[in-house]
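Notes for the one structure printed next.
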Amino acid sequence: MTDIPPKYNPKEVEDRLYSFWESQSFFSAKPNPSKEPFCIVIPPPNITGILHMGHALNNTIQDILIRFKREKGFETLWVPGTDHAGIATQNMVEKKIAERGLKRQDLGREAFLEEVWKWRQNYGNTIINQLKRLGSSCDWERIRFTMDEGLSNAVLEAFVRLYNKGLIYKGNYIINWCPRCQTALSDEEAPYQEVEGKLYYILYPFKEVKSEKLKVKGGKQKRQGVIVATTRPETMLGDVAVAVHPKDRRYKKLIGSKVILPLMEREIEIIADTIVDPNFGTGAVKVTPAHDPYDFEISKRHNLKALKIMGPDGSMNENAGPYKGLDRFKAREEIIRDLEERNLLLKTEKHIHSAGHCYRCHTIIEPYLSEQWFVRMKPLAKPAIEVVKKGNIKFHPARWTKVYLNWMENIKDWCISRQIWWGHRLPVYYCRKCTKQANGLKAQGSRLKGRGENEKGVIISKICPEKCQGCNSTDIYQDEDVLDTWFSSWLWPFSVFGWPKSTADLDYFHPTSVLVTAPEIIFFWVARMIMAGLEFTGKIPFKDVYIHGTVRDLTGAKMSKSLGNIIDPIDIIEEFGADALRFSMISITATGQDVFLSREKFELGRNFANKVWNASRFVLMNLKQSKEQRAKSKELGLSLADKWILSRLHRTINAVTRSLDNYRFNEAANTIYEFFWHEFCDWYLELTKPEIGLEEKQCILFTILENSLKLL
RNA sequence: GGGCGAUUAGCUCAGUUGGCUAGAGCGUUGCGCUUACAUCGCAAAGGUCACAGGUUCGACCCCUGUAUCGCCCACCA
């Protein structure tokens with residue numbers, strides 16, 4: 001803004017411009033039983049986060065909805081907050097103390113957590129402040145955090161209830177393990193990505209074949225052993241069998257015979273299992289129960305023991321013989337070299353396959369056998385499928401319904417324990433005496449727990465029990481693990497209102513009205529909230545789910561720090577203004593479509609904001625009357641132009657309302673843009689200039705301006 | 001392997017109940033500093049709406065198939 005005319009008093013105009021914002025009491029909605037409320041809970045961004053364009057889009061949409069409903073006279077509430085982001089935050093703080101040469105183990109659990117809370121104190125509000133800068137009209141008095149006392153209480157309550165219903169169990173299974181973060185992850189936290197790897201063909205010689213005599217040439221190989229194909233040769237150290245399809249002619253006769261596991265020189269059996277696809281590789285699969293989920297299944301069917309060859313950090317352990325201590329990828333190299341030396345590596349071919357990656361640090365995850373806690377999901381999914389099928393919860397655009405249902409119908413149990421320190425610690429306690437006994441029995445092979453049965457010496461309780469109910473011992477300790485962050489997020493729509501306590505807020509604002517989020521969050525959060533809502537409150541948590549597109553750069557890549565293609569919303573706010581940012585985003589984002597951003601695209605909003613500013617300035621600088629006087633001069637003769645612009649205004653109001661009712665935000669934005677710029681400014685304002693001194697003209701100008709700003 | 005989305009002006013994209021001479025922003029060309037705005041105004045050029053069939057009085061929009069690009073999911077040893 002340069003060259004402001006001298007007669008124009010910027011302060012005065014600004015005061016006028018914003019006066020009607022202030023005249024409305026937006027915030028701190030209170031339960032008002034006589035009115036139907038409109039309520040949104042913000043998808044809690046994580047406390048390590050900084051505002052990115054996805055947030056900007058998401059919050060702008062919510063802000064539009066909430067302001068729209070306010071304008072329509074609803075009692076509105078928009079609850080903001082953050083989640084504690086267990087793994088991400090812990091990584092952040094670990095990095096910070098590493099600068100002092102410390103590991104979290106050096107500090108110990110308690111001192112480390114103090115560091116985390118300190119970190120949160122200093123940095124945890126960054127994103128909240130950024131949301132404020134964006135202009136989100138949340139109820140900032142009500143800001144919530146998943147580690148707050150009330151919300152933590154809800155987490156423990158939920159765990160105990162599910163456990164008592166037999167919906168939480170502990171078990172030894174293959175889970176996704178991040179060797180860098182050294183914790184278990186849920187399936188959703190380990191998204192599959194394509195990796196260019198290799199498929200190694202390895203000969204497992206028959207028992208009778210002396211390995212020193214091996215001469216591998218041409219067709220002779222088959223007579224000397226079985227060839228298996230693998231992408232992860234290092235796991236062969238933990239092989240306990242070779243599996244073939246029972247009907248595979250090539251191998252039928254071999255079932256039951258033995259081969260020698262190379263390098264380890266162990267005897268393993270050839271077994272038959274229908275899970276094996278005869279058309280892949282050689283049709284023979286090495287079976288590594290401790291390091292592959294499907295091999296684990298096979299091992300259960302054939303009663304094979306699982307042999308773990310890797311430690312939690314992804315390095316080889318004492319079962320790996322000479323490879324002990326090597327990192328998994330280093331071990332792979334050495335094993336390949338050793339196999340080559342022995343003429344056992346027959347072929348290597350390029351192979352593109354998918355591997356899970358840690359969603360926090362992008363390390364390739366390791367399928368890893370370990371004892372974890374799980375939520376049994378099928379029973380929770382059933383009612384959550386029904387409410388969507390019945391239309392009690394609607395997705396916008398509707399196509400996401402199918403995605404949701406498909407996932408829900410194939411849902412797997414949810415691994416909820418994490419081997420980190422920052423988070424809600426499991427409300428699980430053990431009596432040292434009883435568990436010792438139980439472990440003794442386990443070692444003798446007796447089966448101790450069934451589905452939902454209490455393991456001996458295990459106490460599930462929100463508070464630490466004073467003594468063991470079994471043996472009265474007071475030697476009690478708590479499980480070391482914490483819960484998946486999403487185990488607190490899935491309670492969000494009612495935990496923010498005080499659940500499990502029954503509160504007036506909960507009664508009035510829950511279920512909420514609409515949930516606005518990105519597609520990748522459907523599984524993480526939306527589906528789980530629906531399940532939790534039905535399970536714990538008996539109600540759906542929201543009626544509408546609006547799924548907006550993903551923000552991408554011009555090449556279509558998702559914006560991410562690692563790609564370096566981020567456009568920082570704060571930069572845009574500083575250069576163009578928050579209104580320009582928000583208006584641009586909305587007007588270029590078609591319903592549910594991904595949005596491809598570049599810096600230049602924000603010029604659209606900047607230019608429009610500038611137009612609005614100048615038009616407002618022009619109207620207000622010519623205004624002579626007070627608001628009260630203007631109200632008095634209502635009944636005036638209207639010219640054709642006056643009637644025209646007023647009719648266009650009302651048409652615009654109707655069109656914008658209709659668009660917003662149908663979640664068609666870009667349409668609404670473009671409607672008001674078109675009206676304000678090309679009808680109001682280009683025509684009416686110009687037409688009025690000669691008569692600007694007339695009271696009735698000023699009156700109409702002000703009316704149009706005020707209503708346009710309200711629409712905007 | 002399954003599911004989904006996209007394909008419209010030089011560029012980026014809108015276009016929901018099938019009825020237009022198919023629209024916008026940016027860019028381009030010409031003119032314009034008329035006391036809100038050059039982050040502007042006026043005017044103009046620019047499209048066989050991916051391709052091939054079909055339904056219909058009428059299709060950018062509905063149906064079938066093809067091609068290209070992208071995304072998500074899946075037990076790719």
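Small disclaimer: the values here were computed from a predicted structure and weren't measured. Lettering of chains follows the sequences in order, A, B, ..., and the numbering in each one begins at 1.
- Of all nucleotides listed (A14(B), A36(B), U39(B)), A14(B) comes nearest to the side chain of Ala590(A).
- On the C1' atoms, A67(B) is 11 Å away from A52(B), given to the nearest whole Å.
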Query raised in the report: Going through the checks in order, is the side-chain contact (heavy atoms from CB on, under 4.5 Å) test met by Ile260(A) and Arg266(A)?
Result: CA-CA 5 Å; Ile260(A) 302 290; Arg266(A) 249 187 5 245; over 6 Å; no
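- Two residues are said to be in side-chain contact when any heavy atoms from C-beta on lie closer than 4.5 Å; Leu339(A) and Leu263(A) meet this criterion.
- Pairs of Watson-Crick or G-U wobble type, with distances under 3.5 Å, assemble into runs of 3 or more in RNA chain B at these ranges: B:1-7 with B:67-73, B:10-13 with B:23-26, B:28-32 with B:40-44, B:50-54 with B:62-66.
- Residue Arg399(A) is the one, among Lys689(A) and Arg399(A), whose nearest nucleotide of RNA chain B lies closer to the 5' end (criterion: closest heavy atom).
- Annotation: cation-pi geometry not satisfied between Lys710(A) and Phe68(A) (NZ/CZ under 6.0 angstrom from ring centroid, within 45° of ring axis).
- Between G15(B) and A45(B), the distance separating the two C1' atoms is 23 Å to the nearest Å.
- Protein atom CZ of Arg606(A) is 17 Å distant from nucleotide atom P of C37(B), rounded to whole Å.
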Query raised in the report: If the sugar-phosphate is the primed atoms plus P, OP1 and OP2 and the base is the rest, what is the B/S/- string for nucleotides 67-77 of chain B, using protein heavy atoms under 4.0 Å?
Result: ----S-S-BBB
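- Looking at every heavy atom in both residues, Ile298(A) comes nearest to Ala243(A) through CD1-CB, 4.5 Å.
- Using a 30° and 60° split on the angle between ring planes, Phe608(A) and Tyr673(A) fall in the tilted class, from 30° to 60°.
- Proximity note for Lys402(A) (side chain, C-beta onward) versus C40(B), C4(B), C13(B): the nearest is C4(B).
- Note on Phe596(A): only backbone sugar-phosphate atoms sit closer than 4.0 angstrom, heavy atoms only; bases stay farther off.
- Within the structure, every pair that satisfies the salt bridge (Lys or Arg N to Asp or Glu O under 4.0 Å) test and touches residues 586-610 of chain A, not counting sequence neighbours, is listed here: Arg552(A)-Asp594(A), Glu575(A)-Arg599(A).
- Rounded to whole angstrom, the span from the NZ atom of Lys601(A) across to the P atom of U12(B) amounts to 8 Å.
- Aromatic rings of Phe665(A) and Tyr546(A) (six-membered ring for Trp) have centroids within the 6.0 Å cut-off, being under it.
- Comparing the C1' positions of A6(B) and A14(B) gives a spacing of 14 Å, expressed to the nearest Å.
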Short N/O separations, protein against nucleotides 27-34 of chain B, under 3.5 angstrom:
none

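- Residues Asp273(A) and His245(A) have side chains that never bring a donor and an acceptor to within less than 3.5 angstrom of each other.
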Query raised in the report: Stepwise, does the salt bridge (Lys or Arg N to Asp or Glu O under 4.0 Å) test hold for Arg328(A) with Glu234(A)?
Result: CA-CA 7 Å; Arg328(A) 51 186 173 151; Glu234(A) 68 280 9; over 6 Å; no
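- U29(B) and A22(B): their C1' atoms are spaced 23 Å apart (whole Å).
- A straight line from CG of Asp579(A) to C1' of U39(B) spans 15 Å, rounded to a whole angstrom.
- Between Ile335(A) and Leu237(A) the shortest side-chain heavy-atom distance falls below 4.5 Å.
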Just distance, no hydrogens or angles: give the donor-acceptor pairs under 3.5 Å from side chains in residues 680-688 of chain A, sequence neighbours left out.
residue: Asp682(A); atom: OD2; partner: His678(A); partner atom: ND1; Å: 2.9
residue: Tyr684(A); atom: OH; partner: Asp642(A); partner atom: OD1; Å: 2.6
residue: Glu686(A); atom: OE1; partner: Lys689(A); partner atom: NZ; Å: 3.2
residue: Glu686(A); atom: OE2; partner: Lys689(A); partner atom: NZ; Å: 3.2
residue: Thr688(A); atom: OG1; partner: Tyr684(A); partner atom: O; Å: 2.5

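- The CG-P distance, from Asn614(A) to G41(B), rounds to 11 Å in whole Å.
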Requested in this report: Please assess Tyr173(A) against Asp413(A) for the test side-chain hydrogen bond (donor to acceptor under 3.5 Å, both in side chains), listing each intermediate value before the final yes or no.
Outcome: CA-CA 11 Å; Tyr173(A) 293 97; Asp413(A) 286 357; over 6 Å; no
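- Distance check on atom P: G58(B) versus C72(B) gives 42 Å, rounded to whole Å.
- Atom CG in Asn610(A) sits about 8 Å away from atom P in U39(B), given to the nearest Å.
- Taking 3.5 Å as the limit, the base of A14(B) and the side chain of Gln593(A) contain no donor-acceptor pair of atoms between them.
- Between Gln698(A) and Gly693(A), the shortest heavy-atom contact is NE2-O, 3.4 Å.
- Asn622(A) places its CG atom 14 Å from the C1' atom of C37(B), with the value rounded to the nearest Å.
- Computed from coordinates, the Asn410(A) CG to G3(B) P distance equals 13 Å when rounded to whole Å.
- As rounded to the nearest Å, A24(B) and A9(B) have C1' atoms that lie 11 Å from one another.
- Across the C1' atoms, A44(B) and C69(B) are found 34 Å apart, a figure rounded to whole Å.
- Comparing the same atom, C1', in U48(B) and in U8(B) gives a spacing of 12 Å after rounding to whole Å.
- Remark: aromatic rings of Phe395(A) and Trp400(A) are distant, center separation not under 6.0 Å.
- In this model, a donor atom of one side chain and an acceptor atom of the other lie less than 3.5 Å apart for Arg617(A) and Asn614(A).
- Against RNA chain B, the stretch residues 665-682 of chain A makes heavy-atom approaches under 4.0 Å through Asn666(A), Tyr673(A), Trp677(A), His678(A), Cys681(A), Asp682(A).
- A straight line from CZ of Arg658(A) to C1' of U17(B) spans 13 Å, rounded to a whole angstrom.
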